[in-house]
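Taking it in order: structure first as structure tokens, then the write-up.
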Amino acid sequence: MLHPENDKGEIVLLRPEFNFMSITLQIKQAVQLAVQQVYQTEIALTDILINETKPEFEGDYTLVTFAFSKKLGLRPDEIAHKLGENLLEKADLIQGFNVVKGFLNLILREDVYFKYLHQIRKQTNFGMFAANGQKVMIEYSSPNTNKPLHFGHLRNIFLGSALSNLLKNNGYEVVKANLINDRGIHICKSMIAWQKFANGANPENTGIKGDHLVGDYYVRFNDEYKIQIQSLKDAGMSQEEAEKKAPIMLEAQEMLRKWESGDPETLSLWKTMNDWVYSGFYHTYQRMGISFDAMYYESNTYLLGKEIVEKGLTNGHLFKKEDGSVWVDLKEEGLDEKLLLRGDGTSVYITQDIGTAVLKYNEHHMQRSVYVIGDEQNYHMQVLKLILQKLNEPRADGIFHLSYGMVELPSGKMKSREGTVVDADDMVDEMIATARKNTEELGKVDDFNAEELQTLYHTLGLGALKFYLLRVDPKKRMIFNPQESIDFHGFTGPFVQFTHARISSIFRKANPDWKNESTTDEHSLNEDEKGLIRMLDEYPLVLQQAGEEYNLALLCNYLHHLAKSFNGFLTQHSVLKAESAATRLFRLQLSEVCKHVIQHGLSLLGVDAPERM
RNA sequence: GGUCUCGUAGCUCAGUUGGAUAGAGCAACAGCCUUCUAAGCUGUAGGUCUUUGGUUCGAAUCCAAACGGGAUCACCA
């Protein structure tokens, strides 16, 4: 219900035509004027609190006057009465009022609703914002190349992808970026295991998807590693020593050294196996409707990172220790000293992140750079931003870590070693299969051909999955119960999709000429209709707030609420068989906007809205 | 131990720039399909908003402490 404000406390009009129409803003302006007239006091629009009136009271919107009470030194109910009388007399949008303690319940004239609905109907892209000249990069997904994507990645991917859609909608120029972690000991582990155990197995001759194939050898490495540790321990070695001395681990480390020194054979294998993984990832992204504008590879950026660090050393922002290692001092910032280059000159994790950040900026010159990364890296991201600021890298202040909580199983964390990881491809398959099962049981689309059915199952399965992962506040960790799987009832994607299909059904059965109809009859609004219009009024604000807070859950909640309200409306009132021609026309218009908002909102979440289901 | 973070119905989550009697979904129970799609709707039941103290007209929301989860504090990535 609030309008966003800038530093000066002024209302910000992202797209003036929306806010001009907004019912709540109209009321606020009227209240502002009333306060001025009755009490000769200026009051900021942002200090005016307007809520929707609770159903148990009479009214449409409610002004809370407690805050004025302190400023004016008067009783809240007295202020409410005075303002109510003034508004009734002066403001032509108010038809009546009542006062309960400090709450001034306002009854709007019906034509306020009609006018609003007509105005948003004129907006062909209601919910879309004009370009704001700002460019933002959003990095998400960012997988390692040693194993397939799992359920935890899905939260990351859907968050990043939906956030990209949302910010684009809200007027930003968006660059979707993916940073591939393609180098390091983890990929060498898969490579070693493949060399030793695969007998030349590849995606073609096994039919196994490339990322899964490589992942299998990563698992195989760990199995072998465990066995070797055990036998070394049986021979009297300590756990710690055995972990260091296990031959297969030494081989992996040797391979990493070869990789870093540019050994052609090693590089060739590395490239081959990474390509298997990429084609697997590509397939997974594609079926989920995920895409990127810019790809970054850590194997490309770590060298740039080194350069930046060297430069920082000569600038005196960094310092060198006796062993030749390079450090940054973050004690002033309340942190510790952090290592940036090892004594032997090799880079560490954060070095390549520094390089990537600079490369990103050099290529795109964006004002803001969002990193969708799990909350276990909060500290790391804080350090990265501080270092870049310290090095005076441009737009370091524009870095934002969209930190999301881990997806956990009821039994706790997913652990690959314990085989409790839920694979992303399996999950998508399972959701599509569930969609199929539910659809077949209901038997509503028996006339669909095979292709239409495939599309529908895909739409519903992915809709359920995406909505499920986006409906929770990203900051909070969430628990996923695979046994119960994901429901298609209640607060879910398919529920919202279903509402869209129902509305679509109405329009299929209406005379297509209804848009040309006109009537001079009067239609009197009922509470359900008013409630729906109030919800539509809220939509641009929800989008704006969701964008500013990087919180897609707000949009999910809104869409569920809207769909729920619409379903309630539909069971109470008939559209096509309305009492009068005017009512029928009005309800068609209202339904049309609701359909648009549902479709538009879902599209931002990356979810399709089916015409039938 | 330091820092950060979370604690709301049996379960999963909303609600947190302080506002009326704290809301959804799932699970449970009772109803509603000759009427635009029942993947729906309505009702019942379910709460010491972890606890204690503070701030005030008013606290789930802000502050402090305690208790209980989680993350992190690597020359790993």
Side-chain angles (χ1 to χ4, degrees), chain A residues 2 4-5 46 49 51 53-54 56-57 62 64-67 69-70 75-76 100-103 105 144 146 181 183-186 298 321 323 325-327 334-336 338-344 346-350 352-353 374-380 382-383 403 405-406 408 410 412-413 435 438-439 441-442 444-445 460 464 468 471-473 475-481 484 487-499 501-510 553-554 556-557 560-561 563-564 566-578 587-588 591 612-613:
Chain A
L2 288 170
E5 56 190 283
T46 50
L49 179 58
N51 291 327
T53 304
K54 303 260 174 192
E56 52 268 38
F57 299 97
T62 297
V64 184
T65 62
F66 290 100
S69 170
K70 193 180 282 178
R75 287 175 38 181
V100 181
K101 293 186 282 185
F103 299 95
N105 299 321
N144 290 358
N146 61 328
N181 184 358
R183 67 179 281 273
I185 190 74
H186 54 86
E298 295 197 345
K321 287 194 176 174
D323 63 353
S325 58
V326 180
W327 296 72
L335 303 177
D336 208 346
K338 298 295 296 180
L339 177 87
L340 299 183
L341 284 180
R342 297 190 185 97
D344 61 4
T346 56
S347 63
V348 292
Y349 180 44
I350 202 156
Q352 58 205 25
D353 279 350
D375 62 6
E376 79 275 8
Q377 298 208 39
N378 285 352
Y379 178 73
H380 175 77
Q382 189 191 359
V383 169
S403 165
M406 294 290 101
E408 290 178 17
K413 281 185 162 182
N438 292 349
T439 303
E441 277 172 9
L442 292 166
K444 294 179 187 177
V445 289
L460 296 178
Y468 180 83
R471 71 180 205 195
V472 179
D473 184 334
K475 289 192 292 291
K476 297 191 176 174
R477 63 203 171 91
M478 59 184 292
I479 296 172
F480 167 63
N481 190 337
E484 292 172 10
D487 211 320
F488 280 40
H489 301 267
F491 185 14
T492 66
F495 174 91
V496 180
Q497 289 172 317
F498 173 69
T499 307
R502 288 183 84 179
I503 303 175
S504 302
S505 171
I506 294 172
F507 286 105
R508 273 197 304 278
K509 291 182 180 172
L554 295 176
C556 292
N557 275 294
H560 172 246
H561 192 187
K564 178 108 181 132
F566 197 89
N567 285 330
F569 162 75
L570 271 193
T571 54
Q572 287 292 327
H573 315 283
S574 178
V575 175
L576 296 177
K577 292 181 182 164
R587 287 181 183 162
L588 280 165
S591 302
R612 292 180 57 191
M613 63 185 274

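Bear in mind that the values here come from a model prediction, so they are computed numbers and not experimental data. Residue numbers begin at 1 in each chain, while the letters A, B, ... track the order of the sequences. Side chains are part of it too, since the values below use all heavy atoms of this structure and drop only hydrogens, waters and symmetry mates.
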Quote, to the nearest angstrom, the C1' distance that separates G46(B) from A9(B). 6 Å
When all nucleic acid strands are considered with a 4.0 Å heavy-atom cut-off, which category describes T439(A): base, sugar-phosphate, or nothing? base
Taking atom P in both C11(B) and G53(B), what distance in whole Å separates the two? 26 Å
With sequence neighbours left out, write down each residue that passes salt bridge (Lys or Arg N to Asp or Glu O under 4.0 Å) with K475(A), or none if nothing qualifies. D473(A)
Within the 4.0 Å heavy-atom criterion, would you say A67(A) contacts the bases, only the backbone, or no part of the nucleic acid? base
P atoms of U42(B) and G23(B), separation to the nearest Å: 15 Å
When the nearest nucleotide of RNA chain B is assigned to R612(A) and to D344(A) on a heavy-atom basis, which residue is associated with the more 5' position? R612(A)
Need one value for Q352(A): base, sugar-phosphate or nothing, where a base atom within 4.0 Å counts as base even if backbone is also close, heavy atoms only. sugar-phosphate
Output a table of nitrogen or oxygen pairs between the protein and nucleotides 20-24 of chain B separated by less than 3.5 Å.
unit_1	atom_1	unit_2	atom_2	d
A20(B)	N6	T62(A)	OG1	2.7
A20(B)	N6	N105(A)	OD1	3.0
A20(B)	N1	N105(A)	OD1	3.2

ring-ring contact (aromatic ring centres under 6.0 Å, His included) with F66(A): which residues, sequence neighbours excluded? F103(A)
With a 6.0 Å cut-off (strictly less than), is the heavy-atom count around NE2 of H561(A), excluding the residue itself, greater than 12? no
Should the heavy atoms of other residues, nucleotides or ligands under 6.0 Å from NZ of K321(A) be counted, would the total exceed 12? yes
Protein-nucleotide distance (D353(A), atom CG; C76(B), atom C1'), rounded to Å: 13 Å
With Watson-Crick and G-U wobble geometry limited to distances under 3.5 Å, how should the secondary structure of RNA chain B be encoded in dot-bracket form, using | for bases paired to another strand and [ ] for crossing pairs? (((((((..((((.....[...)))).(((((.......))))).....(((((..]....))))))))))))....
By nearest-heavy-atom nucleotide on RNA chain B, the more 5' of V348(A) and M478(A) is M478(A)
For R508(A), I'd like to know if atom CZ has over 12 heavy atoms of other residues, nucleotides or ligands within 6.0 Å. yes
Please tabulate the protein-to-nucleotide N/O contacts below 3.5 Å involving nucleotides 69-74 of chain B, giving atom names and distances.
unit_1	atom_1	unit_2	atom_2	d
A71(B)	OP1	K413(A)	NZ	3.0

Can you name the closest pair of heavy atoms from A563(A) and T499(A) and give their distance? CB-OG1, 3.4 Å
Is C62(B) syn or is it anti, if syn means the base angle is within 90 degrees of 0? anti
Counterpart residues, side-chain contact (heavy atoms from CB on, under 4.5 Å), relative to S403(A) (two or more places apart): D375(A), N378(A), H401(A)
Taking the same atom, P, in G18(B) and in A24(B), what whole-Å distance lies between them? 24 Å
Indicate for each nucleotide in nucleotides 30-36 of chain B, in 5' to 3' sequence, whether protein heavy atoms under 4.0 Å reach the base (B), only the sugar-phosphate (S), or nothing (-). -----SB
Interatomic distance at P, G54(B) relative to G58(B), whole Å: 12 Å
For E376(A), give me all partners under salt bridge (Lys or Arg N to Asp or Glu O under 4.0 Å), at least two apart in sequence or on another chain. none
A side-chain contact here means heavy atoms from C-beta on lying under 4.5 Å apart; do L339(A) and I350(A) qualify? no
Considering only atom P, compute the distance from C67(B) to U21(B) and round it to an integer number of Å. 34 Å
With respect to the phosphate group of C76(B), does any side-chain polar atom (N or O) of H186(A) fall under 4.0 Å of OP1 or OP2? no
Closest non-hydrogen atoms of I503(A) and F566(A), given as atom of the first, atom of the second and distance, are CG1-CE2, 3.4 Å
Quote, to the nearest angstrom, the C1' distance that separates A64(B) from A59(B). 15 Å
Are the side chains of Q497(A) and F488(A) in touch, meaning some heavy atoms are under 4.5 Å apart? no
Tell me the interatomic distance from R75(A), atom CZ, to C57(B), atom C1', rounded to whole angstroms. 12 Å
Partner residues of R183(A) under the salt bridge (Lys or Arg N to Asp or Glu O under 4.0 Å) criterion, sequence neighbours left out: E260(A)
Across the strands shown, which category fits L460(A) at heavy-atom distances under 4.0 angstrom: base, sugar-phosphate, nothing? base
All ring-ring contact (aromatic ring centres under 6.0 Å, His included) counterparts of F491(A), not counting sequence neighbours: F467(A), H560(A)
Taking the C1' atom of each, how far is U12(B) from C75(B), in whole Å? 43 Å
For F498(A), enumerate each residue passing the ring-ring contact (aromatic ring centres under 6.0 Å, His included) test, keeping only those at least two apart in sequence or located in another chain. none
R612(A): partners by side-chain hydrogen bond (donor to acceptor under 3.5 Å, both in side chains), with sequence neighbours left out: D447(A)
